[in-house]
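Small disclaimer: the values here were computed from a predicted structure and weren't measured.
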Amino acid sequence: QVQFVESGGGLVQPGGSLRLSCAASGSNFRIYNMGWYRQAPGKQRDLVAAITSSGSTNYADSVKGRFTISRDNAKNTLYLQMISLKPEDTAVYYCNSPSRGFGSWGQGTQVTVSS
């Protein structure tokens, strides 16, 4: 089915910023609700930010005011702008869509926040 490829992760100091990208294949991206998820070692994978096909957004309490989710339908790309990063944000970040029942998960992109 649809494939998602995450990129943009890396090592950043506390208080730093990072922008993640998610490139989607196929022609249905524009009608998909999308989300960014993250999983830290030994932890459950959790939803951190979501955006509907029409652009409405929602955020986990832990990232409100610091993360911004956006999409560019012309480019079939989902973004996550992260600022004021904390060590607790360290995780592998994934993108996926509940509109297609999630399906398989990609490799994700590692975000490490450490001094």
Side-chain angles (χ1 to χ4, degrees):
Q1 294 187 19
V2 179
Q3 302 295 316
F4 300 112
V5 180
E6 302 92 345
S7 63
L11 175 64
V12 65
Q13 295 185 20
S17 301
L18 216 52
R19 190 193 194 201
L20 307 185
S21 297
C22 169
S25 65
S27 59
N28 297 123
F29 177 78
R30 67 190 185 283
I31 63 173
Y32 283 174
N33 295 333
M34 295 292 300
W36 282 100
Y37 305 77
R38 68 186 181 187
Q39 187 170 31
K43 300 291 185 179
Q44 184 179 26
R45 195 191 331 254
D46 293 322
L47 182 283
V48 296
I51 186 168
T52 68
S53 59
S54 60
S56 297
T57 60
N58 192 34
Y59 300 90
D61 288 342
S62 59
V63 307
K64 283 182 179 178
R66 300 188 299 117
F67 289 12
T68 302
I69 188 171
S70 62
R71 65 194 298 160
D72 187 335
N73 290 340
K75 297 180 179 179
N76 270 25
T77 303
L78 180 74
Y79 302 99
L80 186 67
Q81 180 67 56
M82 307 183 293
I83 64 171
S84 301
L85 283 161
K86 305 175 180 180
E88 306 93 273
D89 296 318
T90 296
V92 178
Y93 284 70
Y94 304 86
C95 63
N96 214 320
S97 176
S99 299
R100 58 111 176 190
F102 296 107
S104 62
W105 296 81
Q107 294 296 306
T109 185
Q110 176 72 50
V111 171
T112 302
V113 185
S114 177
S115 57

Ignoring hydrogens, what is the shortest heavy-atom contact between [X] and [Y]? Give both atom names and the distance.
X: N33; Y: S97; value: O-OG, 2.6 Å
X: A49; Y: L47; value: O-CD2, 3.4 Å
X: S17; Y: I83; value: OG-CG2, 3.5 Å

[atom1] of [X] to [atom2] of [Y]: how many Å apart, nearest 0.5 Å?
X: Q13; Y: L85; atom1: CD; atom2: CG; result: 11.5 Å
X: S62; Y: D89; atom1: OG; atom2: CG; result: 7.0 Å
X: C95; Y: R38; atom1: SG; atom2: CZ; result: 15.5 Å
X: R45; Y: N96; atom1: CZ; atom2: CG; result: 8.0 Å
X: S115; Y: L11; atom1: OG; atom2: CG; result: 10.0 Å
X: Q44; Y: Q39; atom1: CD; atom2: CD; result: 8.5 Å

Using the benzene-type ring in the case of Trp, are the ring centres of Y37 and F102 under 6.0 Å apart?
-> yes
Using a 3.5 Å distance criterion without hydrogens, assess whether the side chain of [X] forms a donor-acceptor pair with backbone atoms of [Y].
X: T109; Y: Y93; result: no
X: S21; Y: S7; result: no
X: S99; Y: Y32; result: no

Across all chains, not counting sequence neighbours, the side-chain contact (heavy atoms from CB on, under 4.5 Å) partners of A40 are K43, A91
Mind checking whether Y94 and W105 have parallel, tilted or perpendicular rings, split at 30° and 60°?
-> perpendicular
Given the rule that I, L, V, M, F, W and Y join up when any side-chain heavy atoms are under 4.5 Å apart, are [X] and [Y] in one cluster?
X: L80; Y: V5; result: no
X: V92; Y: L18; result: no
X: Y59; Y: I51; result: yes

Got [X] and [Y] here, is their nearest side-chain heavy-atom distance under 4.5 Å?
X: L78; Y: F4; answer: no
X: M82; Y: V111; answer: yes
X: N28; Y: R100; answer: no
X: I69; Y: M34; answer: no

Scan residues 74-87 for pairs that pass side chain to side chain donor-acceptor pair (under 3.5 Å), counting only residues two or more places apart or in two chains.
-> none
Contacts of Q110 that satisfy side chain to side chain donor-acceptor pair (under 3.5 Å) - sequence neighbours left out = T112
Could you tell me whether R71 sits above the aromatic face of F29, with NZ or CZ closer than 6.0 angstrom to the six-membered ring centre and within 45 degrees of the axis?
-> yes
